[in-house]
Every structure is written in C-alpha cells, then in structure tokens.
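None of these values were measured; they are calculated from a predicted model. Excluded from the calculations below are hydrogen atoms, water molecules and symmetry mates; all remaining heavy atoms, backbone and side chain alike, are included.
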Amino acid sequence: QVQLVESGGGLVQAGGSLRLSCAASGRTFSTYVMGWFRQAPGKERDFVAAITWSGGTTYPTDSVKNRFTISRDNAKNTVYLQMTSLKPEDTAVYYCAASQTRSALSSAYDYWGQGTQVTVSS
C-alpha cells in the first residue's frame, strides 16, 4: 500500500516556475515508477512525466520535457516536478501516482494522490 500527498501548487504568472512535491508512505516506494498527471477542467487526465526507481524518465512531448523535470529522492520517499516557463495552458490539478510499470497510461497506476492545483495567470 502506498499513500501519496502532493504539495507545492499555487498561483503563478506566466513564465514563472513552481516545484511540486509528492511525499509517499510505504517502505516499497523505491520500487515503484512514479508519475505526474494533470487534469484541466472539462478535460481528460493527461500524462506529464514518469520516473523509474533508478531515475529513468519519460515525457509525453519535447515541449514538456524542455520545461518540466521529474526527479525523485528515494531516501526521502519523495518525487518532484520542477516546472519552468509556465503557460496559462498548464493550469490544472496535478496528481502524482505510483505504478509497478513504466507507463504513460493512467490506468497503469495503482495509487494516486489527492492532487494539487496549479494556476498560471496570463
């Protein structure tokens, strides 16, 4: 069982930066692939990034990869999402999730946090 708690969301101006954190409970954290997803109002939940236990990363597009960085600290049971050059279209609720497999599909993730709101003003 893994419990996830996100933090670090907020209101930021376009072009600004935020770092999201996701604290996980459970001694097996380091064995999970950790992912970040986001969901804007009225839209589907989209994949943002994933990271394996050893630090291998996956991003959906170069546009995201060039602005967002996922990282993890297994000693602290925490995964991070550093977001830079934020745009109004990045506004969404951001969720972290844990999976046994490296995947961009939300259905592959077994555990989810409650989400943290990120709002980017123009």
Worksheet entry | Distance-minimising heavy-atom pair for Tyr111 and Leu4 | O-CD1, 3.5 Å
Worksheet item: Ignoring hydrogens and geometry, is there a side-chain-to-backbone donor-acceptor pair from Arg67 to Asp62 under 3.5 Å?
Response: no
Worksheet item: Is there a donor-acceptor pair closer than 3.5 Å between any side-chain N or O of Thr116 and the backbone N or O of Gly9?
Response: yes
Practice prompt. Search all heavy atoms of Val120 against all heavy atoms of Thr91 and return the closest pair with its distance.
Written response: N-OG1, 2.9 Å
Worksheet item: Partners of Ser7 by side-chain contact (heavy atoms from CB on, under 4.5 Å), sequence neighbours excluded?
Response: Ser21
Worksheet item: Does Leu20 share a hydrophobic cluster with Phe68, counting links as ILVMFWY side-chain heavy atoms below 4.5 Å and allowing steps through other members?
Response: yes
Worksheet item: Taking the side chain as C-beta and beyond, is there a heavy-atom pair between Val2 and Tyr32 under 4.5 Å?
Response: yes
Discussion item. Main chain of Thr31, side chain of Thr28: is a donor-acceptor contact present, judged purely on distance under 3.5 Å?
Written reply: no
Item to complete: Ignoring hydrogens and angles, state whether a donor on the side chain of Arg38 or Tyr94 is under 3.5 Å from an acceptor on the partner side chain.
Response: yes
Practice prompt. Take atom CD of Gln3 as the centre, draw a 6.0 Å sphere, and report whether it contains more than 12 heavy atoms from other residues, nucleotides or ligands.
Written response: no
Worksheet item: Is it true that the side chains of Thr101 and Ser103 contain a donor and an acceptor less than 3.5 Å apart?
Response: no
Worksheet item: Side chain of Arg72, backbone of Ile51: donor and acceptor closer than 3.5 Å?
Response: yes
Discussion item. How about CD on Gln13, more than 12 heavy atoms from neighbouring residues, nucleotides or ligands closer than 6.0 Å, or not?
Written reply: no
Worksheet entry | Any donor-acceptor N/O pair, Asp73 side chain to Val79 backbone, under 3.5 Å | no
Discussion item. Other members of the hydrophobic cluster containing Phe37, with the 4.5 Å side-chain heavy-atom rule, please.
Written reply: Val33, Phe47, Val93, Tyr95, Tyr109, Trp112
Worksheet item: Closest approach of Ile70 and Tyr59, non-hydrogen atoms and distance?
Response: N-OH, 3.0 Å
Worksheet item: Is the side chain of Asp90 donor-acceptor paired with the backbone N or O of Lys87 at a distance under 3.5 Å, no angle test?
Response: yes
Worksheet item: Looking at Ala23 and Thr78, what are the two nearest heavy atoms and their distance?
Response: CA-OG1, 4.2 Å
Worksheet item: So, the side chain of Ser54 versus the backbone of Thr52: is there a donor-acceptor pair under 3.5 Å, distance only?
Response: no
